[in-house]
Amino acid sequence: QVQLEESGGRLVQAGGSLRLSCAASGRAFSSYAMAWFRQAPGNQREFVGGIGRMDSSPAYADSVKGRFAISRDNTRYTLYLQMNSLKPEDTATYFCAAGWSMGTLPTDYLYWGQGTQVTVSS
């Protein structure tokens, strides 16, 4: 089992950058594939990007490809999401998730953080 806690969300202007972090409890972090999802009010939770257990090539949603980058530090038990060229439509609560393999559906993941709010103003 792993507990996840996101941080780094805040209000930012369009075109700006943010880096989100997801701190995991326990050494089991490296055993899990990790992902970022986001959810805006009234919308379903959507896949942003994911990364395999050993920092294998990340995968991204088309809406963020070329702007967002996922990385992980297994020595620090931390997942990151670097977000550049932010747009108002990126406004959402961002969640990190852990699972046995990387998928694009929320049901592919076992453990979730509580989320961190990102608001992009125009």
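Quick note: residue numbers are just sequence positions, from 1.
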Closest non-hydrogen contact found for Gly52 with Met102 is N-SD, 4.3 Å
Pair Trp36 and Tyr94, ring centroids less than 6.0 Å apart: no
Looking at Val2 and Ala24, what are the two nearest heavy atoms and their distance? CG2-CB, 3.7 Å
Distance-only, no hydrogens or angles: does the Gln39 side chain make a donor-acceptor pair with backbone N or O of Gln44 under 3.5 Å? no
Leu79 with Trp112, same ILVMFWY side-chain cluster at under 4.5 Å: no
Please tell me whether Thr93 and Gln117 have a donor and an acceptor in their side chains that are separated by less than 3.5 angstrom. yes
Donor-acceptor side-chain pairing of Thr78 and Asp73 below 3.5 angstrom: no
Closest non-hydrogen atom pair, Ala14 against Pro88: CB-CD, 4.1 Å
For Ala33 and Arg53 the tightest heavy-atom approach is N-CG, 3.9 Å
Side chain proximity check, Leu4 to Met34, heavy atoms < 4.5 angstrom: yes
Is it true that Tyr109 and Phe37 have ring centroids separated by less than 6.0 Å? yes
As a quick check of understanding, evaluate side-chain contact (heavy atoms from CB on, under 4.5 Å) for Arg38 and Ser63, giving each step before the final call. CA-CA 12 Å; Arg38 67 186 182 186; Ser63 58; 3.5 Å; yes
So do the side chains of Val48 and Phe68 get within less than 4.5 Å of each other, counting heavy atoms only? yes
Arg76 (side chain) donor-acceptor with Ala23 (main chain) under 3.5 angstrom: no
Any donor and acceptor pair, going by atom type alone, linking the side chain of Thr91 with main-chain N or O of Val120 inside 3.5 Å? yes
Do the side chains of Val12 and Tyr80 join up, straight or via other hydrophobic residues, at under 4.5 Å, putting them in one cluster? no
Within a 6.0 Å radius of atom CD on Glu46, are there more than 12 heavy atoms belonging to other residues, nucleotides or ligands? yes
For Cys22, is there any backbone N or O sitting under 3.5 Å from a side-chain donor or acceptor partner on Glu5? no
Hphob cluster co-occupancy, Tyr111 + Trp100, side-chain heavy atoms under 4.5 angstrom: yes
Tell me whether the count of non-hydrogen atoms from other residues, nucleotides or ligands lying under 6.0 Å of CD in Gln3 goes above 12. no
Under 6.0 Å from the ring centre and within 45 degrees of the ring axis: does the NZ or CZ of Arg45 meet both conditions for the six-membered ring of Phe95? yes
Membership question, hydrophobic clusters at under 4.5 Å side-chain separation (ILVMFWY): are Val118 and Val64 in the same one? yes
For Arg72 versus Phe29, what's the shortest heavy-atom pair and its separation? NH2-O, 2.8 Å
Under 3.5 Å, side chain of Tyr60 to main-chain N/O of Arg67, donor-acceptor pair present? no
Rounded to the nearest 0.5 Å, what separates atom CD1 in Ile51 from atom OG in Ser71? 6.5 Å
Does Thr116 reach the side chain of Leu20, with side-chain heavy atoms less than 4.5 Å apart? yes
Check: Leu105 main-chain N/O paired with Asp108 side-chain donor or acceptor under 3.5 Å: yes
Are any non-hydrogen side-chain atoms of Ser7 and Arg19 less than 4.5 angstrom apart? no
Closest heavy-atom pair, Ala61 versus Phe47, reported as atoms and distance to 0.1 Å, is CB-O, 3.3 Å
How far apart are the C-alpha atoms of Gln82 and Ser17, what are their side-chain angles, what is the distance that settles it, and do they pass the side-chain contact (heavy atoms from CB on, under 4.5 Å) test? CA-CA 7 Å; Gln82 178 66 43; Ser17 297; 4.0 Å; yes
Expected output: side-chain Asp90 to main-chain Thr119 donor-acceptor under 3.5 Å: no
